[in-house]
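Heads up: the structure comes next, in structure tokens.
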Amino acid sequence: MSYNPNEIEAKWQKQWDDEQAFEPSDSHEQKKKYILSMFPFPSGRLHMGHVRNYAIGDAIARYYRKQNYNVLHPIGWDAFGMPAENAAIKHGRHPKDWTYSNIDYMRGELNALGLSFSKTREFATCDPLYTRWEQEFIIKMYESKLLFRESTTVNWCESCHTVLANEQVEEGCCWRCDNPVQLKEMPGYYLDIIKYADELLNDLKILEGKWPHQVLTMQENWIGKSEGLEFEFELSEESKAKLDGRFEKYTVFTTRPDTIYGVTYSALAAEHPITKYLVENGLVESEVAQKITHIANMSERERAQSDKEGYSLGITVIHPLTGEEVPVWTANFVLASYGGGAVMAVPAHDERDYEFATKYDLPIKRVISGSEKLPYTGEGELIDSAAFTGLINQQAKAKIIGMFEEAGFGKGKINYKLRNWGVSRQRYWGAPIPFVHCKHCGLVPEKAENLPVALPDDVEITGEGNPLDNHPTWKYCDCPKCGKAAIRETDTLDTFVQSSWYQFRYATNPKKWNEIGIDKEDAAYWMGVDQYIGGIEHAILHLLYARFFTKVLRDLGYVDIDEPFERLLTQGMVTMDGAKMSKSKGNTVDPDKLIEKYGADTARLFILFAAPPQKELEWNDNAVEGAFKFIRRLFDRADKVTIDHLPNIDHEMLNKESKLARQKVYEALQKSGDVYEKTFAFNTLIAACMEALNALDRQNDEAVWSEGMYVMLNLLEPIIPHAASELSERLFKRANLSDTLKIRKEVFVQDSILYVVMIGGKKRTEIEVSPSISSEEILALAKEAGYKWLEGMCIVKEVVVPGKLVNLAVKPAT
RNA sequence: GCCCGGAUGGUGAAAUUGGUAGACACAGGGGACUUAAAAUCCCCCGGCUAUUGCAGCUGUGCCGGUUCGAGUCCGGCUCCGGGCACCA
């Protein structure tokens, strides 16, 4: 038979459409699988990374459908975001128009790949119906104090004209546009993710073995939990006077309370209120004040790259245990955003404190024994530490915290590197934050019946300022509470908010989408996502936010689960000439052209064959051709099939080649379960099928051919669905596709077994023996076969590995 | 600097988790068919030595160890990729 991919693929895609073949059943009786590939941003065209992502997910979804699971395999569009506005600025197109026409085009591309998505559950996150429910959640979060508004120093991207969350700053630059991020003081909305830090950290244990190890450690480090002591430094009387009595004390945090007797100075951030007061009121020399202001204006990134720098503030604090006066400095390495912006400095046992003390000639006092070399940050016994001297530092830590707590001037404290999630964006193309600023009532949430707060269509997008703020009328409204004139919030939500709950939206039956955001029962049935597939670049951002949102929605009573994604597969990048495919590098391969030339099945087969999904995939045009040839060969060999069902075969009656062919076929079948359910090493399954086809080719038995094709098409259908369906229809009336195949043990029974004979650890020869033979007999035969290498040797040890090999350890005979 | 990965032929990769390293493919070489080309089919294909015949040595980034046996386990390095980057 000849292979005409374009014709076949159009035929099957139409048939699947007509049959609505991939809609899950509404019934909750059946066992289920929820297979989800991360949804795409509608940028205009699919790229190879998408093709890979969806080929993997589709193979898994199709496999489970064959195993009689009720499968939810949805797709949608992560549709809000900056590129839509950039397109508006550049080409004068309305973001809405740009977005929805991109979606239409890309939907067609996904369709052409033969992906088995549920069509009834598709949505775009910019659909007002989606925004409506998101706004409801946001209001609920505000009411339970998880969402709050405050003015803080934020990461600001001048090129995107918007605020960025901490996670969205990569190497000091904006994650999206790569421009350097500046610090700016601004009001904004925050989600209290720190409140969930402990749970987000602890629940990583649930995901162990199910998520890539790498992602778990990245999240763990990002949360950055540390336990220590928080206490207050009281200012000396003289210093209080100098500060006009406005400050009495300040708080510091340390993870090393065991080194507290080694404190020789304290350091404040440039932004610390005391530092600011001193600078602003001329209480430090004007030259120093200037330098401090300069530091305060630097980004964290810039500060991290500069040398240690600091200035004496001319004030002192009292050491809480010794009563000694300790000088206070300001230092550029003290972060305002962590632990109160102030530290106790122990130069003997902290690298930063040591470097600083050496530079400015501050005293260094050793209090932990151990290495002679300073700074020493390891374990040891306390020295020179009053009542605690002699204790091991780990014990001392707990005792000192206990002592502080008893005395009431400090307490054990847990700190996180994780910072609260700033969700305000000063953009147009996002979900409006549904609040109103009222002169009389303050910040007021919009009434439920007025949701969604929708975006105005008539905007001017110039790239200058926030288009919603500039709109002539949109922001003027009545206060939902008192009815007087008020101003609508013009910030919109971070787009990561939309992707934090989309998994629940898909799980909700679309018939209920108008009435409800997330259906609890539907979610209980479908969630969590059994297999989630996406790029490693979301290891922290999206995956942490979605985990957080799941816990929040649970606590607000919307769902009953703790973790959204049961299993996670992170796919590798698609590269060409060793570099990531990108338009700017000009090394892209257009999926449309590939499909046009070879068909979707070839694209899918190549992508799954060329490398295991987790690894990087190097594009190779020749290998694509090879994938195409394999499918063509299947069509060619279809002529060998003469029986239209799974034949009964008397294995004993077959010749050696046919027996081997059956063995290869069933080896592939045996492998398939593991591949589709656990390892996702599709490359090895495809290789096993190629081996089976090669072995079938070397024999002539019609029944063995028929059986082989019956099994192989069944195994390959999730990977090359059009070709496999077509052949299965022509040869077996598709019976093989719905069949649950059983392993035939008899094909693995060998007439004889090949034993490798190793002598002195080296492979020397082989012997073919009957399977019923004893170890003694095998050894005897091995010695006979290997006499050549045994001459002049005596055997020290004999090892027989059943079914595999014989190893004779030898040494020269004396 | 710290934390994770990884390193196997010319290339992409396999290797039942301690048991014949290089399956399966791509590229390359040779041959068959053909007027010719394409397509298809067959053979060879880690390195070195030998080649009249068998064959021998060596080989999974490097050095060492455990073991009858190590790509796989242990210790110490080198290089590459990713993440974090003064978090007290």
Side-chain angles (χ1 to χ4, degrees), chain A residues 170-172 212-222 224-226 228-229 252-256 259 266-267 300-301 303-308 331-335 337-346 349-353 355-356 415-419 536-537 539-540 572-573 606 609-612 614-627 629-630 632-633 636 667 670-671 674 681 683-694 697 754-766 788 795-810:
Chain A
E170 292 171 352
E171 302 196 349
H213 185 69
Q214 208 192 153
V215 175
L216 297 178
T217 21
M218 277 164 74
Q219 293 218 351
E220 192 184 325
N221 293 340
W222 190 261
K225 180 177 182 170
S226 56
L229 169 71
V252 295
F253 173 72
T254 178
T255 56
R256 293 295 305 272
T259 64
S266 168
E300 278 187 13
R301 172 92 184 157
R303 287 188 228 184
Q305 282 169 343
S306 26
D307 290 337
K308 300 259 176 309
N332 66 343
F333 66 88
V334 180
L335 301 176
S337 51
Y338 186 82
V343 297
M344 68 175 210
V346 185
H349 306 294
D350 181 283
E351 280 170 28
R352 297 152 302 184
D353 297 347
E355 199 186 323
F356 192 80
N415 260 330
Y416 301 93
K417 285 200 327 196
L418 182 71
R419 297 182 201 168
I536 184 84
E537 65 272 21
I540 295 169
M573 280 191 314
F606 166 73
F609 179 60
Q614 298 85 345
K615 276 193 78 166
E616 194 173 89
L617 175 112
E618 173 72 13
W619 196 263
N620 181 336
D621 286 331
N622 286 317
V624 174
E625 182 84 32
K629 282 185 194 168
F630 175 68
R632 199 168 53 193
R633 210 163 140 224
D636 185 59
E667 273 170 11
Q670 201 162 38
K671 195 172 194 79
D674 249 19
N683 54 330
T684 63
L685 177 62
I686 295 164
C689 288
M690 288 173 168
E691 272 188 78
L693 186 62
N694 291 345
D697 244 347
L754 203 63
Y755 273 79
V756 166
V757 178
M758 297 174 83
I759 293 167
K762 280 179 187 157
K763 182 191 166 187
R764 290 303 182 185
T765 185
E766 289 170 349
K788 206 166 129 186
I795 296 170
V796 193
K797 188 162 184 174
E798 298 168 341
V799 180
V800 178
V801 181
K804 286 255 156 68
L805 56 81
V806 176
N807 192 3
L808 303 171
V810 292

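Labels below follow one simple rule: chain letters A, B, ... track the order of the sequence lines, proteins then strands, and each chain is numbered from 1.
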Qualifying residues under ring pair (Phe, Tyr, Trp, His ring centres under 6.0 Å), relative to A/Trp619, sequence neighbours excluded: A/Phe606
Looking for any heavy atom pair under 4.0 Å, which part of the strands does A/Gly626 touch: base, sugar-phosphate only, or nothing? sugar-phosphate
Counterpart base for B/A88, defined by Watson-Crick or G-U wobble contacts under 3.5 Å: none
What distance, rounded to whole Å, do you find between the two C1' atoms, one in B/G82 and one in B/U67? 35 Å
Checking side chain to side chain contact (heavy atoms under 4.5 Å, CB included) for the pair A/Met690/A/Phe609: CA distance, chi angles, key distance, verdict? CA-CA 11 Å; A/Met690 288 173 168; A/Phe609 179 60; 3.8 Å; yes
Any-strand Watson-Crick or G-U partner of B/U20, both distances under 3.5 Å: none
Among B/U20, B/G19, B/G82, which nucleotide sits nearest the side chain of A/Gln214? B/G82
Among B/A88, B/U20, B/C24, the one nearest any side-chain atom of A/Phe253 is B/A88
Any donor-acceptor pair under 3.5 Å between the side chain of A/Lys308 and the base of B/C86? yes
Closest non-hydrogen atoms of A/Val343 and A/Ser266, given as atom of the first, atom of the second and distance, are O-OG, 2.9 Å
Given the C1' atoms of B/G18 and B/C73, what is the spacing between them in whole Å? 8 Å
A/Gln214 side chain reached by A/Ile536 side chain, heavy atoms, under 4.5 Å: yes
Integer angstrom distance from the P of B/C33 to that of B/G19: 46 Å
Check the distance between B/C86's C1' and A/Gln305's CD and give it to me in whole angstrom. 12 Å
When rounded to the nearest Å, what value does the distance between C1' atoms of B/G56 and B/C4 take? 44 Å
When both distances are under 3.5 Å in a Watson-Crick or G-U wobble arrangement, the nucleotide paired with B/A36 is none
Atom pairs, N/O to N/O, protein against nucleotides 27-29 of chain B, distance under 3.5 Å?
none

Over all strands shown, is A/Thr259 touching base, sugar-phosphate only, or nothing at heavy-atom distances under 4.0 angstrom? nothing
Look at the side chain of A/Thr217 and decide which nucleotide, out of B/A85, B/A88, B/C3, has an atom nearest to it. B/C3
What contact category does A/Ser337 fall into here, base, sugar-phosphate, or nothing, at under 4.0 angstrom with non-hydrogen atoms? nothing
Strand partner of B/U72, provided both Watson-Crick or wobble distances fall under 3.5 Å: none
Might you list the N or O atoms of the protein lying below 3.5 Å from N or O atoms in nucleotides 12-17 of chain B, with each pair's distance?
from, atom 1, to, atom 2, distance (Å)
B/G12, O2', A/Ala610, O, 2.5
B/A13, O3', A/Asn683, ND2, 3.4
B/A14, OP1, A/Asn683, ND2, 3.1
B/U16, N3, A/Lys804, NZ, 3.2

Indicate syn or anti for B/U78, taking the glycosidic torsion and treating anything within 90° of 0 as syn. anti
From B/A39, B/A25, B/A88, nucleotide with atom closest to A/Met690 side chain: B/A25
How close do A/Val215 and A/Ala539 get, counting heavy atoms only, and between which atoms? CG1-O, 3.9 Å
Any idea which heavy atoms bring A/Ser226 and A/Tyr338 closest together, and the distance? OG-OH, 3.0 Å
Out of B/C3, B/U20, B/A88, whichever nucleotide has its closest atom nearest the side chain of A/Thr254: B/A88
Contact pattern, 5' to 3', of nucleotides 55-69 of chain B - B, S or - by protein heavy atom under 4.0 Å: -SSS---------BS
Minimum heavy-atom separation for A/Ile759 to A/Asn807, with atom names? N-OD1, 4.2 Å
Searching all strands shown, indicate the nucleotide that pairs with B/G61 (Watson-Crick or G-U wobble; both distances under 3.5 Å). B/C77
Is it the case that atom CD in A/Glu351 sees more than 12 heavy atoms from other parts of the structure closer than 6.0 Å? no
Using whole Å, what does the distance between atom P of nucleotide B/A88 and atom CE of A/Met344 come to? 12 Å
Going by heavy atoms in the side chains, are A/Leu693 and A/Arg633 under 4.5 Å from each other? yes
Tell me: CG of A/Asp621 to C1' of B/A25, nearest whole Å? 15 Å
Hey, could you give me the CG/CG distance between A/Leu418 and A/Asn221, rounded to the nearest 0.5 Å? 12.5 Å
I'd like to check A/Met344 versus A/Thr259 (side-chain heavy atoms, cut-off strictly below 4.5 Å). Are they in contact? yes
Do you know the tightest heavy-atom contact between A/His349 and A/Arg256? O-NH1, 4.1 Å
Syn or anti conformation of B/G9, syn meaning chi within 90° of 0: syn
Applying side chain to side chain donor-acceptor pair (under 3.5 Å) to A/Ser337 and not counting sequence neighbours gives A/Glu300, A/Arg419
What interatomic distance, in whole Å, is found between C1' of B/U72 and the corresponding atom of B/U16? 13 Å
Rounding to the closest angstrom, what is the interatomic distance between B/U40 and B/G59 at atom C1'? 36 Å
From the set B/A88, B/A85, B/G5, return the single nucleotide nearest to any side-chain atom of A/His213. B/G5
Residues A/Val334 and A/Ala267: closest non-hydrogen pair is CG2-CB, 3.8 Å
Under a 3.5 Å distance rule, please check whether A/Tyr755 uses its side chain to pair with a backbone N or O of A/Gly803 as donor and acceptor. yes
Between A/Leu754 and A/Lys417, which has a closest nucleotide on RNA chain B that is more 5'? A/Leu754
Taking the side chain as every heavy atom from C-beta outward, state whether A/Lys629 and A/Glu625 have any atom pair closer than 4.5 Å. yes
For A/Arg632, which contact category applies under a 4.0 Å heavy-atom criterion: base, sugar-phosphate, or nothing? sugar-phosphate
Compare the minimum distances between each of B/C86, B/C24, B/A88 and the side chain of A/Asn694, then state the nucleotide with the smallest one. B/C24
Distances for protein N/O vs nucleotides 41-43 of chain B N/O pairs under 3.5 angstrom?
from, atom 1, to, atom 2, distance (Å)
B/C41, OP1, A/Arg637, NH2, 3.2

Roughly how far apart, to the nearest Å, are B/G65 and B/G12 at atom P? 32 Å
Between A/Lys308 and A/Phe356, is NZ or CZ placed under 6.0 angstrom from the six-membered ring centre and within 45° of the ring axis? no
Taking the minimum atom-to-atom distance to the side chain of A/Glu691, which one of B/C86, B/C84, B/A23 wins? B/A23
Indicate, with a heavy-atom threshold strictly under 4.0 Å, whether A/Val334 touches base, sugar-phosphate, or nothing. base
A/Arg256 has an atom CZ; how far is it from atom P of B/A88, in whole Å? 11 Å
For atom P, what is the distance between B/A32 and B/C24, given to the nearest Å? 25 Å
Give a yes or no answer on whether the side chain of A/Asp350 reaches the backbone of A/Ala345 with a donor-acceptor pair at less than 3.5 Å. no
Interatomic distance, A/Asn332 CG vs B/A88 P [rounded to whole Å]: 17 Å
Now, which nucleotide makes the Watson-Crick or G-U wobble pair with B/U11, with each of the two distances under 3.5 Å? B/A25
